[in-house]
Amino acid sequence: MVDKIKRFLTYNSFAPLLTVVCNLVLAYVVYFVCRIVFLLTNYSSFSDNLTAGHLMEMLRGGFLFDSSAIMYTNVLWIVMVLFPLHLKETPTYRKVCKWLFVVVNSLAVVMNLCDCVYFQYTSRRTTSTVFSEFSHEGNLAGIFGTELIRHWYLLLIGVVLIYALWRLYLSHNLKRHTICWWCYSLATLVSILLMVPCILGGMRGGLAHSVRPITVSNANQYVNHPTEAAIVLNTPFSLIRTIGKNVFEEPKYFTDEKQMLSYYSPIHQPASGTVMNKKNVVVLIVESFGREYIGSLNRDLDGGKYRGYTPFVDSLLTHSLTFEYTFANGRKSIDAMPSTLSSIPMMVEPFFLTPASMNDLTGLAGMLHDKDYYSAFFHGAQNGSMGFEAFARATGYDKYFGRTEYNADPKGGGDADFDGMWAVWDEPYLQHVVRMVNGFKQPFVASVFTASSHHPFKVPEQYAATFKDEGGQPIHKCVRYTDMALRKFFEAASKQPWYRNTVFVLVADHTNQNTHPYYKTDQGLYSIPIIFYTPDGSLETGVKQGVIAQQIDVLPTLMGMLGYDKPYIAFGCDLLHTPAAQTWAFNYNNGVYQYFKGDFLLQFDGQKTKALYRFKTDSLLKQNLAGKLPIQSQLENELKSLIQQYMHRMTTNTLIMK
């Protein structure tokens with residue numbers, strides 16, 4: 001059979017076209033295998049809602065996005081094989097074509113298989129902003145090395161697929177003397193005429209005049225939940241379609257500004273007679289510290305037997321204020337700092353990585369600077385990591401403390417306390433924070449970003465026997481370690497003169513490695529703790545029922561507690577002075593805007609509502625009520641107002657009051 005194919009591809013004028021078709025089929029098969037591997041690797045993230053019929057629907061959608069990626073990445077190879085040059089009949093030219101095809105599609109294999117792992121931390125396919133996100137990180141080689149060992153089977157699958165691309169590639173072997181010149185010319189012309197619409201249609205996602213080139217968000221038409229869009233998409237497509245794109249485009253939902261502001265406004269006005277209460281502020285942003293890990297916030301899990309992994313945080317909660325529903329605004333560490341400290345949520349792409357990050361900015365430190373606050377940001381990673389230092393400076397922090405400053409602290413352990421991958425271990429670094437804060441003049445703002453509850457999920461060697469794997473996830477031992485580090489931090493801080501005059505905020509940056517079904521849903525993936533604690537007892541304690549809280553509420557809530565007396569812009573709300581029924585939360589999930597308010601979760605793709613759930617009673621989001629309830633219109637208008645004002649302020653550089 002192989003000999004017959006080769007003979008056919010030697011003496012037939014349409015051999016180049018048939019070569020293109022056969023090898024493109026090979027590329028489709030490879031993409032399909034990568035998608036199945038992706039699904040199996042992350043099966044627990046989708047299994048609760050996956051049926052055979054729905055899977056087939058997503059696979060059909062995946063074919064559309066695979067077609068686009070394959071045509072984009074292979075268009076040069078197609079042109080080289082079909083272009084009417086007799087040069088292509090030489091063995092050297094055919095080898096160049098083969099190498100081009102194999103290399104390009106091997107890169108696609110690598111991208112898709114890498115996302116099998118990276119998806120576990122982001123819940124979406126990788127976009128082009130990944131190059132900016134990790135541009136200042138020097139530990140990538142170690143991360144990749146660790147993941148290659150942990151996921152050796154993906155390496156093996158990748159080798160097999162790349163070998164298949166090389167071994168099964170078909171070359172036309174066309175010899176000029178075997179055919180007449182006019183047959184050759186006519187066949188070439190016909191081949192090009194046939195392939196051009198296929199290429200254009202594949203890239204665009206269709207040839208109809210009404211069809212716009214498909215984008216990442218189009219994947220949502222094939223899914224029931226936004227997270228499932230990652231099954232439909234492929235990584236090369238996600239990268240290609242987001243390179244050089246304008247992240248923020250202002251929609252025109254409203255032409256009447258007054259009407260728009262009636263639904264939502266980010267402008268905060270102080271109450272008359274407001275007086276500043278100059279308490280110190282310490283904000284602890286804790287890496288990967290999902291709400292699921294905290295036993296006292298999950299009394300109903302495992303039949304009431306669940307105890308979690310955070311005994312200290314559980315005890316802290318008995319003296320603190322938290323809220324019934326608490327959410328992150330993003331799924332990456334890079335989203336948490338602007339959300340928590342500047343009340344800027346992640347919308348479409350991480351704020352750090354968009355042109356709007358060059359806008360005039362402020363935040364917790366900058367706003368309090370005018371009130372004679374000293375401010376510092378602490379992050380135990382290499383200075384400049386994740387863009388935190390740049391953002392700290394842009395938003396008004398007086399001082400940034402990174403790993404360089406830690407190594408200069410004579411009471412610290414220097415490089416011996418480095419975890420070998422990301423940053424200084426939490427326990428010694430949080431003690432360093434206390435030592436540095438002791439030298440600050442009051443009032444002050446200190447913001448801390450921890451690092452230890454992070455991939456590759458290790459604890460210091462001296463605690464290897466103390467904190468072991470448990471609960472089915474390797475992060476659990478890291479959570480226990482960080483909880484211990486937080487306990488020692490508060491013990492050390494409680495002995496300092498500034499302690500009782502301080503407001504402490506403990507918030508996670510995002511969730512990670514979820515186990516229970518609720519925490520794998522579109523709401524559970526964003527469920528984090530948000531805790532306010534005042535040692536002097538000036539703040540009410542307990543769980544404030546009915547309140548929906550989010551990271552972007554931290555700044556306005558603190559401003560309300562401190563009696564900030566100037567107008568300012570923040571996308572969140574003051575949780576202490578906003579009625580529970582008016583609190584809300586927002587996050588952006590794989591091209592879908594999620595809006596929580598009252599009893600409802602609205603999922604909106606920018607044009608129409610995809611789903612509406614009673615998320616408080618339908619915790620697994622099984623019953624889609626879209627189009628069935630009158631409240632939907634009100635929720636849509638509020639969300640549209642939020643989106644339009646956010647995009648407008650990003651594109652017009654109006655994030656601060658002037």
Side-chain angles (χ1 to χ4, degrees), residues 123 225-227 264 286 289-301 306 308 310 313-314 317 320-331 335-336 339-340 343 345-346 505-511 514 516-533 540-557 571-589 592-604 611-623 625 631 634-635 638-639 642:
S123 297
H225 297 277
T227 307
Y264 168 78
V286 187
F289 214 71
R291 184 176 174 125
E292 179 182 21
Y293 311 139
I294 302 174
S296 60
L297 297 180
N298 294 280
R299 298 296 190 190
D300 58 337
L301 290 184
Y306 184 73
T310 60
V313 171
D314 285 329
L317 278 164
S320 304
L321 174 66
T322 189
F323 311 94
E324 188 172 8
Y325 303 97
T326 47
F327 298 103
N329 294 108
R331 285 281 297 162
D335 299 324
S339 293
T340 305
S343 195
M346 195 283 277
V505 182
L506 190 152
V507 57
D509 60 344
H510 55 73
T511 63
N514 302 303
H516 295 86
Y518 168 82
Y519 287 103
K520 296 179 182 180
T521 65
D522 294 330
Q523 61 172 323
L525 286 172
Y526 292 88
S527 294
I528 61 165
I530 298 178
I531 302 168
F532 289 82
Y533 169 61
E540 62 180 298
T541 62
V543 179
K544 206 165 185 180
Q545 295 298 309
V547 174
I548 301 172
Q550 56 188 322
Q551 288 168 329
I552 60 173
D553 295 335
V554 169
L555 183 145
T557 301
F571 288 96
C573 65
D574 178 351
L575 296 170
L576 302 183
H577 299 92
T578 302
Q582 296 303 313
T583 58
W584 54 276
F586 164 87
N587 30 67
Y588 182 85
N589 189 358
V592 172
Y593 300 92
Q594 297 194 151
Y595 182 60
F596 299 82
K597 190 172 185 184
D599 295 332
F600 298 98
L601 163 58
L602 180 79
Q603 293 182 334
F604 179 73
L612 180 67
Y613 300 102
R614 291 186 181 273
F615 78 96
K616 293 181 179 179
T617 53
D618 180 16
S619 62
L620 297 182
L621 309 183
K622 296 290 188 180
Q623 188 175 4
L625 302 173
I631 190 66
Q634 175 69 20
L635 295 173
E638 291 175 4
L639 179 55
L642 168 64

Test side chain to side chain contact (heavy atoms under 4.5 Å, CB included) on I528 and V507 and set out the steps. CA-CA 7 Å; I528 61 165; V507 57; 3.7 Å; yes
With rounding to the nearest 0.5 Å, note down the distance linking [atom1] in [X] to [atom2] in [Y].
| X | Y | atom1 | atom2 | value |
| --- | --- | --- | --- | --- |
| S343 | L555 | OG | CG | 5.5 Å |
| R299 | Y306 | CZ | OH | 11.5 Å |
| H577 | T557 | NE2 | OG1 | 9.5 Å |
| L321 | I531 | CG | CD1 | 10.0 Å |
| L525 | N587 | CG | CG | 9.5 Å |
| I631 | K597 | CD1 | NZ | 8.0 Å |

Can you give me the closest heavy-atom contact between [X] and [Y], atom names plus distance?
| X | Y | answer |
| --- | --- | --- |
| N514 | E292 | CA-OE1, 3.1 Å |
| A585 | A549 | CB-O, 4.4 Å |
| S339 | P345 | OG-CA, 3.6 Å |
| A336 | Q551 | CB-NE2, 4.0 Å |
| T310 | G295 | OG1-N, 4.2 Å |
| D314 | S296 | OD1-OG, 2.7 Å |

Would you please say whether a donor-acceptor pair under 3.5 Å links the side chains of [X] and [Y]?
| X | Y | value |
| --- | --- | --- |
| Y588 | D335 | no |
| D522 | Q603 | yes |
| R291 | T511 | no |

Run H225 and L621 through side chain to side chain contact (heavy atoms under 4.5 Å, CB included) and show every step you take. CA-CA 9 Å; H225 297 277; L621 309 183; 4.1 Å; yes
Worked verdict on T617 versus D599 for side chain to side chain contact (heavy atoms under 4.5 Å, CB included): CA-CA 8 Å; T617 53; D599 295 332; over 6 Å; no
Out of T340, T583, N329, which one pairs with Q550 under the side chain to side chain donor-acceptor pair (under 3.5 Å) rule? N329
Test applied, side chain to side chain donor-acceptor pair (under 3.5 Å); reference residue, E638; option that passes from Y595, W584, Y264: Y595
Can any side-chain N or O of [X] pair as donor or acceptor with the backbone N or O of [Y] at less than 3.5 Å?
| X | Y | result |
| --- | --- | --- |
| D553 | D574 | no |
| T541 | S320 | no |
| T521 | G524 | yes |
| E324 | V543 | no |
| Q523 | S619 | yes |
| T578 | C573 | no |

Side-chain touch [X]/[Y], heavy atoms, less than 4.5 angstrom:
| X | Y | value |
| --- | --- | --- |
| L635 | F600 | yes |
| Y613 | L625 | no |
| L297 | V313 | no |
| S527 | Y518 | yes |
| T322 | K544 | no |
| F323 | L575 | yes |
| T326 | V547 | no |
| V286 | D509 | no |

Please assess N589 against T227 for the test side chain to side chain contact (heavy atoms under 4.5 Å, CB included), listing each intermediate value before the final yes or no. CA-CA 7 Å; N589 189 358; T227 307; 3.7 Å; yes
According to the interplanar angle, ranging from 0 to 90°, do the rings of F327 and F596 count as parallel (below 30°), tilted (30 to 60°) or perpendicular (above 60°)? parallel
Taking the ring of Y325 and the ring of F615, is the distance between their centroids below 6.0 Å? yes
Proximity of H510 and Y526 rings by center, below 6.0 Å: no
